[in-house]
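First the structure, then my questions, so here it is.
Index from 1, following the sequence.
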Amino acid sequence: MTLISTKTEDHRQEFPGLANKIYFNYGGQGTLPRTALDAIIQAHQFLQQQGPFSGRVNGWLQQKTALLRQEMAYELGVAPETLSITENVTEGCNIALWGIEWQTEDHILLTDCEHPGVIAIVQEIARRFGVKYSFCPILNTLNQGSPLDVIRNHLTPQTRLLVCSHVLWNTGQVLPLSEIVEICHQQQVHVLVDAAQSVGMLPLNLGEIGADFYAFTGHKWWCGPAGVGGLYIHPDALEILKPTFMGWRSVEVDADGEVQGWKPNGQRFEVATSAYPQYEGLRSAIVIHRQWGSKRKRYQEICRLSAYLWSKLQKIDGVHCLTSSPPLSGLVSFQINKALSHADLVQNLEEKGFLIRKLLNPNCVRACVHYFTLKEEIEQLVEAIALLVNHREY
């Protein structure tokens, strides 16, 4: 056994959710590390022992919140003060989309691969404020064509915002975000990024990418608890946004408790009391990943394993991978050309202990590999798919 597989086998012991199943759903939710669960429980215990509402507890919560902000900032290559702590990607997108002071006839451009939750926000903004929106056909660039050209050709003089994903949640395509941002900024268009599938997977440096708003979650590729995420706001874009929801965490107060104005950083978009023990869970999960290797090393291993899965699927009669070359992310999407439906395939696999997901647009099945996925697990999944699709072993 190689050194890396020994290391990975040991590392996997930190993830009890990997027991009794073969897990390929990291794009939906990651498996929580044991240390993260312990950190959540210990935080709850501390709060109950000390208060839970006391001067000591409040100071402790401020310290732990600052530590989480620092850990996330380090992984993203940004300053801690540029981050707002949120519950999830959708909350971050809501902050950015509702925070812009829209004018009638403004235009929002989205790709045709955005999540329904984000599309719904844009549709309601359009209804309320008379804003126009449209979609550009990024899906068609999966195997040929240029996403840059598509976006450039769909920007208009009225476009104020581009909404795009860094890694497309349905196909796994990684968009050239730095170049996209450059094109948009040349035309005074701001960029909101849905980073649901990129944070915890790609080796990110948001300071270099230059996106205005970058909304992410901790419960997918970071394998943190549900309910903790973040929004990066570029320093040059901070004053563009006005808080829609606000509370005591949003504002500065003087010695008499009088409100003096907004927080001077990303904290102005944080509202009030949160599930703070979950913060400790995410912080512990991030540390666990770093113990295995750098973010670049983790990404390289994800790509190596997704390429292995892709190559195996390519050899099954009746299976068609959406990408014509190995994916550059941990998402591997494919279709089956048999009487068996995608829903039946997913259900049958789950009954056998393999967890993957069916998607509607495009109609396909998505399997996600992490850096600690085993080649043996990939081989077992492929064999199970081959048996179901062709009623024979692969």
ask   = Does one side chain, of S341 or D344, offer a donor that lies under 3.5 Å from an acceptor on the other?
value =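 Yes, side-chain donor-acceptor contact under 3.5 Å.
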task = Report the C-alpha distance between V365 and L359 in whole Å, list the side-chain angles of each, state the deciding distance to 0.1 Å, and finish with yes or no for side-chain contact (heavy atoms from CB on, under 4.5 Å).
result = CA-CA 6 Å; V365 178; L359 301 180; over 6 Å; no
inquiry  = Please check this pair: side chain of S84 against backbone of G266, looking for a donor-acceptor N/O pair closer than 3.5 Å.
reply    =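 Indeed, once roles are kept as given, a pair shorter than 3.5 Å links the two residues.
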message = Using 30° and 60° as the class boundaries, would you call the ring planes of F372 and H289 parallel, tilted or perpendicular?
response =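 F372 vs H289 ring planes: parallel.
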ask   = Does V271 reach the side chain of M246, with side-chain heavy atoms less than 4.5 Å apart?
value =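 They are not in side-chain contact.
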Test: K7 and D10 ion pair at under 4.0 Å =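 So K7 does not pair with D10 through a salt bridge.
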message = In the structure I gave you, are the side-chain heavy atoms of T373 and F24 within less than 4.5 Å of one another anywhere?
response =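 In short, these two side chains touch, coming nearer than 4.5 Å.
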Polar side chain donor-acceptor pair, Q173 to T141, under 3.5 angstrom =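 Judged by distance alone, the side chains do pair up.
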inquiry  = Whether the side chain of S329 engages the backbone of G172 through a donor-acceptor N/O pair (distance < 3.5 Å, no angle test) should be reported.
reply    =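 Checked: pair present.
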task = Indicate yes or no for a side-chain donor-acceptor contact from N390 to the backbone of G318 under 3.5 Å, with no hydrogens or angles considered.
result =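 No; judged by distance alone, with no hydrogens or angles, the pair does not exist.
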query = Where is the tightest heavy-atom contact between R69 and P80, given as atom of each residue plus distance?
reply =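 Here R69 and P80 meet closest at CD-O, 3.1 Å.
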inquiry  = Over 60° means perpendicular and under 30° means parallel, so tell me whether W292 and H11 are parallel, tilted or perpendicular.
reply    =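 Geometry flag for H11 against W292: tilted rings.
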query = Could R290 and E75 be called an ion pair, given the rule that one side-chain N must be under 4.0 Å from one carboxylate O?
reply =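 Judged by the 4.0 Å cut-off on N to carboxylate O distance, R290 and E75 do form a salt bridge.
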key: E252 and W262: side chain donor to acceptor below 3.5 Å   =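 Judged by distance alone, the side chains do not pair up.
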query = Looking only at heavy atoms, which two atoms of C368 and L331 are closest? And how far apart?
reply =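 Minimum heavy-atom separation between C368 and L331: SG-CG, 4.0 Å.
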message = Using modelled atom types and a 3.5 Å cut-off, is there a donor and acceptor pairing between side-chain atoms of S54 and backbone atoms of V57?
response =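 Between the backbone of V57 and the side chain of S54 there is a qualifying donor-acceptor contact (under 3.5 Å).
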query = Does a side-chain N-to-carboxylate-O contact under 4.0 Å join E270 and K263?
reply =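 Not counted as a salt bridge, because no side-chain N and carboxylate O are separated by less than 4.0 Å.
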request  = Check L206, L204, L83 against F216 for a side chain to side chain contact (heavy atoms under 4.5 Å, CB included) and give me the one that passes.
outcome  =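 Going through the options one by one, the only one that passes is L83.
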Ionic contact status for R128 with E124, cut-off 4.0 Å =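 Judged by the 4.0 Å cut-off on N to carboxylate O distance, E124 and R128 do form a salt bridge.
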request  = Using distance alone, with no hydrogens and no angle criterion, decide if T82 and H234 have a side-chain donor and acceptor under 3.5 Å apart.
outcome  =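 Result is no, nothing qualifies.
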task = For residues G210 and V181, report the shortest heavy-atom separation together with the two atoms involved.
result =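 The pair with the smallest heavy-atom distance is O-CG1, 3.5 Å.
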key: Under-4.0 Å salt bridge between K21 and E377   =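 Judged by the 4.0 Å cut-off on N to carboxylate O distance, K21 and E377 do not form a salt bridge.
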query = Just checking, any donor-acceptor pair under 3.5 angstrom between side chains of E114 and S165?
reply =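 Side chains of E114 and S165: pair found under 3.5 Å.
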inquiry  = Taking the side chain as everything from C-beta on, heavy atoms only, tell me whether F334 gets closer than 4.5 Å to T323.
reply    =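 No; the side chains remain at least 4.5 Å from each other.
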inquiry  = Between E350 and R357 (salt bridge meaning N to carboxylate O under 4.0 Å), is one present in this structure?
reply    =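 No, E350 and R357 are not salt-bridged.
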message = If we ignore hydrogens and angles and just use 3.5 Å, is the side chain of W102 paired with the main-chain N or O of L97 as donor and acceptor?
response =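 Such a contact is found between W102 side chain and L97 backbone.
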query = Just by modelled atom types, is the L322 backbone N or O under 3.5 Å from a matching donor or acceptor in the S333 side chain?
reply =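 Side chain of S333 to backbone of L322, a donor-acceptor pair under 3.5 Å: no, none is there.
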ask   = Where do A196 and T217 come nearest, in terms of heavy atoms and distance?
value =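 Shortest heavy-atom separation between A196 and T217 comes out as O-CG2, 4.4 Å.
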query = So S134 and H107, side chain to side chain donor-acceptor pair (under 3.5 Å) or not? Walk me through it.
reply = CA-CA 8 Å; S134 62; H107 174 246; 2.7 Å; yes
message = On a heavy-atom basis, which atom in L47 and which in P277 lie closest, and how many Å separate them?
response =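 It is CD1-CG, 3.9 Å.
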key: Pair H219-N88, side-chain donor/acceptor within less than 3.5 Å   =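 No - no donor-acceptor pair under 3.5 Å links their side chains.
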query = Would you say the side-chain atoms of S306 pair up with the backbone N or O of I302, donor to acceptor, closer than 3.5 Å?
reply =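 Side chain of S306 to backbone of I302: a pair is present.
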ask   = Just checking, is any N or O donor in the side chain of T273 or R249 under 3.5 Å from an acceptor N or O on the other one?
value =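 No donor-acceptor contact under 3.5 Å links the two side chains.
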ask   = Distance only, no hydrogens: is a donor on one side chain within 3.5 Å (strictly under) of an acceptor on the other, for N94 and W98?
value =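 A pair is found: one side chain offers a donor N or O, the other an acceptor, under 3.5 Å apart.
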message = For H370 together with Y23, are the ring centres under 6.0 Å from each other?
response =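 Ring centroids of Y23 and H370 are no less than 6.0 Å from each other.
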query = In terms of side-chain geometry, is the basic nitrogen of R283 or E280 positioned less than 4.0 Å from the acidic oxygen of its partner?
reply =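 Looking at R283 and E280, the cut-off is met.
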inquiry  = My understanding is that only one of L161, L162, L109 makes a side chain to side chain contact (heavy atoms under 4.5 Å, CB included) with C184; could you say which?
reply    =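 Per the side chain to side chain contact (heavy atoms under 4.5 Å, CB included) rule, the option paired with C184 is L162, out of L161, L162, L109.
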message = Could you walk me through whether K375 and E379 satisfy the salt bridge (Lys or Arg N to Asp or Glu O under 4.0 Å) test, starting with their C-alpha distance in whole Å, then the side-chain angles of each, then the deciding distance to 0.1 Å, before giving a yes or no?
response = CA-CA 6 Å; K375 287 182 66 176; E379 291 163 356; 5.3 Å; no
ask   = Is there a donor-acceptor pair closer than 3.5 Å between any side-chain N or O of D212 and the backbone N or O of A237?
value =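 No; zero donor-acceptor contacts below 3.5 Å.
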task = For the residue pair E14 and T35, establish whether any side-chain heavy-atom pair is separated by less than 4.5 Å.
result =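 The answer is yes; the side chains approach within 4.5 Å.
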query = Hey, is E239 close enough to R268 for a salt bridge, meaning N to O under 4.0 Å?
reply =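 Yes, E239 and R268 are salt-bridged.
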key: Exercise: do H166 and Y214 side chains pair donor with acceptor under 3.5 Å   =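 Present: a donor and an acceptor within the cut-off.
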key: Min side-chain heavy-atom separation M72-I85 under 4.5 Å   =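 SC-SC contact between M72 and I85 confirmed.
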